[in-house]
Structure formats: structure tokens, C-alpha cells
There are 2 protein chains.
Amino acid sequence: MTQEHDFQKKTIEYEQLLENFKRLLKKNGLKFTIQREVILETLYNSEEHLTPEGLHKKIQTTHPDLKTGIATIYRTLSLLENEAIVTSLSFGTQGKKYELGAKEHHDHMICIECGSITEFVDAEIEKRQHLIADKFGFKMQDHSMQIYGICAECQKKNN
Amino acid sequence: MTQEHDFQKKTIEYEQLLENFKRLLKKNGLKFTIQREVILETLYNSEEHLTPEGLHKKIQTTHPDLKTGIATIYRTLSLLENEAIVTSLSFGTQGKKYELGAKEHHDHMICIECGSITEFVDAEIEKRQHLIADKFGFKMQDHSMQIYGICAECQKKNN
DNA sequence: GAGGTATTGAAAGTCATGAGCAACTGGTCA
DNA sequence: TGACCAGTTGCTCATGACTTTCAATACCTC
């Protein structure tokens with residue numbers, strides 16, 4: 001698969017994401033604005049999990065002309081989260097980090113030294129979660145799992 | 001097993017918890033204070049998960065003579081958490097909830113309607129978490145899992 | 001019991017996030 | 001196409017959950 005091919009694929013994927021967003025906005029009588037598009041685009045182009053603050057800085061760099069206010073970032077992120085387009089990870093007092101939730105579900109492994117996040121999925125765990133919820137007559141809507149520890153990188157550094 | 005017997009058992013369990021706490025304090029050159037004891041005792045006597053604010057109110061009721069400041073609650077809770085005597089559950093902006101962590105490990109099922117928390121354990125999931133961490137060369141120190149949804153009670157109410 | 005250090009309560013300070021408001025902008029309809 | 005108007009935005013202020021500061025006070029060791 002060539003770079004170009006990859007790019008094509010990404011573009012199409014993004015277009016679909018954008019169309020879906022527009023559709024949801026219209027459905028709820030909301031408007032499609034430049035700010036909302038830039039935020040979605042920035043999330044899409046970012047590999048890592050972003051804090052609202054980080055997202056704001058990134059946009060100020062890539063779109064210096066657009067004076068996007070931090071409040072709009074927060075408003076749009078919670079809008080996107082409500083529409084299940086992005087998901088958030090909570091870090092207690094340290095705030096939240098967001099990522100596009102369009103991709104397949106996964107859980108997180110978080111390094112308590114450098115803060116890096118590794119994603120993973122385990123079908124067996126997913127399955128058992130459903131079994132457990134059923135057992136308690138609980139109607140499961142979402143779930144999250146985090147493993148905290150020290151990543152391979154930081155372990156090396158510590159030696 | 002009689003009520004009295006139960007009480008005896010609880011008392012002994014609490015004494016051990018308290019002794020352990022005192023030992024850890026001394027080991028770290030810290031002092032054992034009335035406030036710290038009251039906080040531990042209140043956590044011990046509470047079935048539910050408590051917020052720092054809730055803990056504060058509870059103590060103001062049970063120990064009105066002791067003018068415990070909210071700062072002391074926070075300081076003691078993080079002390080207890082560092083010593084692994086209590087563990088916390090993060091609720092994003094809504095803060096944290098604490099529980100005595102002395103009991104065996106478990107995960108949480110959280111009702112998004114009434115906020116109630118149900119505990120559960122699943123050996124299989126625990127096992128797989130370790131396997132996953134190993135696979136990534138990650139030195140696991142802790143982990144947490146939450147299932148969000150609607151509890152049986154609230155489902156009934158909704159009908 | 002004295003002395004030195006850790007701890008406490010009260011209040012001020014942080015920091016992430018949400019609200020209020022006037023100016024502004026999509027998008028629909030004439 | 002242009003006007004209208006509800007939804008949006010940026011700014012600034014408010015809020016809520018902690019955290020820090022500091023002088024007064026309580027532990028605990030000798």
C-alpha cells in the first residue's frame with residue numbers, strides 16, 4: 001500500500017466522518033460552523049489523545065487566523081462526546097483527554113511516569129463484561145478499563 | 001452468628017486496620033492524630049463510596065466538637081491512598097469517590113441514572129489484564145474497570 | 001514536662017470547566 | 001439574493017474541586 005493510497009483512504013474516511021457529523025447537527029437543529037469543522041479535523045489528524053487545552057493550542061498554531069476561544073473547544077468536545085463521535089478519558093484532577101471514538105472500541109494502559117497511553121483490546125475481557133452486567137440485571141451502555149503502571153520506555157530510563 | 005459476634009469481628013478487624021495505619025505513620029515519621037483516626041473510622045463505618053465533601057459532612061455530624069477542616073480531609077485521603085489503605089474512583093469534573101481498599105480487589109458497575117455503585121470481581125478478567133500488561137512489557141501497578149449503564153432498580157422505575 | 005516537628009483550620013490560590021452576554025453567522029424562506 | 005433569527009462564538013466571569021500558605025496547635029520523644 002503506497003503513501004498516496006493511504007492518504008486517499010484517510011481522506012475518504014474523514015469525509016464520511018464529516019458527513020456523519022453534519023447529519024447529526026442538522027438532525028438536532030444545530031449549525032455547522034468553521035470552528036466545529038476545524039476541531040473535528042484536528043482530532044482526526046492527531047494520533048495522540050488530546051486535552052482541551054492541547055487541542056486549543058494546536059488549533060491556534062494551524063489556524064492562527066481563526067481566533068478560536070477555549071470555551072468553544074469545551075462546548076464542541078462535549079457536543080461530540082454526546083454524539084459519541086469522541087470519547088474521553090478521565091484523569092482525576094488532571095482533567096480529561098479526548099480521542100476520536102469512531103474507531104473500534106479499545107481500552108487503555110497508562111504510564112504513571114510519562115503519561116503516555118497505549119491502546120489495547122481483548123475480546124475475552126469484552127465478552128466477560130457483558131456476562132457480568134447480565135448477571136446483575138444491569139443494562140450496560142459503556143465501559144472502560146485502565147491499567148496503570150510503568151511503560152517499557154520508562155523502565156529502561158530508570159536503570 | 002449473632003449480632004454481638006458480628007460486632008466483635010468488626011471491632012477486631014478495625015483494630016487491625018488502625019494498627020496498620022499507625023505503623024505506616026510511624027514508619028514515615030508522621031503523627032497519629034484524632035482527625036486521622038476519625039477519618040479512617042468514618043470510612044470504615046460507611047458502606048457506600050464517599051466523596052471528600054460527603055465524608056466531611058458525615059464527620060461534622062458525628063463529631064461536631066471536632067472542627068475538622070475540609071483541607072484535612074483531602075490531605076488525609078491522599079495520604080491513605082498513597083499508603084494503599086483507600087482507593088478512589090474518578091468521576092471527571094464531579095470529583096472522586098473513596099472507599100476502604102483493605103478488602104479484596106474488585107471492580108465497579110456504575111448506574112448513570114442514580115449513581116449507585118455495585119462491586120464485582122472476575123478472576124478471568126484479572127488474569128487477562130496481567131497477560132496484556134506483560135505482552136506490552138508494561139509493569140502493571142494498578143488497574144481499574146468500570147461498567148456504566150442502568151441498574152436493575154432504575155430500569156424498573158423507567159417502566 | 002519541654003522542645004522540636006508534624007498537623008490543623010481558615011482562607012486565599014489554582015486549575016479545569018461551565019455560564020452569561022453582546023456581537024456575529026449559518027441556513028432557511030421569501 | 002437578501003433579510004431574518006435561532007444557534008454560535010469569544011470574552012470574561014463564576015464555579016467547584018482541590019491545594020497551598022501560614023500562624024496556631026497537637027504529637028511524641030527524651
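All chains are named by letter (A, B, ...) in the order of the sequence lines, taking the proteins before the strands, and each is independently numbered beginning at 1. Since this is a predicted model, take the numbers as computed values, not measurements.
Applying the 4.0 Å criterion to OP1 and OP2 of dT25(C), one finds that Gln35(A) has every side-chain N and O outside that range. Using a 4.0 Å cut-off, no side-chain N or O of Thr33(B) falls inside it from OP1 or OP2 of dT7(C).
Asp65(A) has its CG atom 15 Å from the C1' atom of dG10(D), to the nearest Å. Taking atom NZ of Lys96(B) as the reference point, atom P of dG16(D) lies 20 Å away to the nearest angstrom. The OH-P distance, from Tyr74(A) to dC15(C), rounds to 12 Å in whole Å. If you take CD of Glu37(B) and P of dC28(D), they are 11 Å apart, rounded to a whole angstrom. Rounded to an integer number of Å, the gap from Leu25(A) CG to dT8(D) P is 8 Å. Between the CG atom of Leu66(A) and the P atom of dC24(C) there is a distance of 15 Å, rounded to whole Å. We find that NZ of Lys22(B) is positioned 12 Å from P of dC27(D), with the value rounded to whole Å. Computed from coordinates, the Arg36(A) CZ to dT25(C) P distance equals 15 Å when rounded to whole Å.
A donor-acceptor contact under 3.5 angstrom links the side-chain atoms of Arg75(A) to the base of dG10(D). One N or O donor and one acceptor, one from the side chain of Lys31(B) and one from the base of dT5(C), sit under 3.5 Å apart.
When atom types are taken as modelled, the side chain of Ser46(B) and the backbone of Thr42(B) share no donor-acceptor pair closer than 3.5 angstrom. Distance alone, capped at 3.5 Å, places no donor-acceptor pair between the Gln146(A) side chain and the Leu89(A) backbone.
No contact: Thr51(A) has no heavy atom under 4.0 Å from any strand. Residue Ser78(A) is out of contact with every strand shown, counting any heavy-atom pair closer than 4.0 Å.
At most 12 non-hydrogen atoms from other residues, nucleotides or ligands lie less than 6.0 angstrom from CD1 of Ile34(A). Atom NZ of Lys58(A) is surrounded by more than 12 heavy atoms from other residues, nucleotides or ligands within 6.0 Å.
Side-chain atoms of Gln35(A) and Thr72(A) include no donor-acceptor pair closer than 3.5 Å.
Of the residues near DNA chain C, Ile73(B) and Gly29(B), the one whose nearest nucleotide (by heavy atom distance) lies more toward the 5' end is Gly29(B). Residue-to-nucleotide proximity on DNA chain D shows that, of Gly69(A) and Tyr98(B), the 5′-proximal contact is made by Gly69(A). When the nearest nucleotides of DNA chain D are assigned to Ile34(A) and Phe32(B) by heavy-atom distance, the more 5′-ward of the two goes with Ile34(A).
Proximity note for Ala71(B) (side chain, C-beta onward) versus dA11(C), dT7(C), dT17(C): the nearest is dA11(C).
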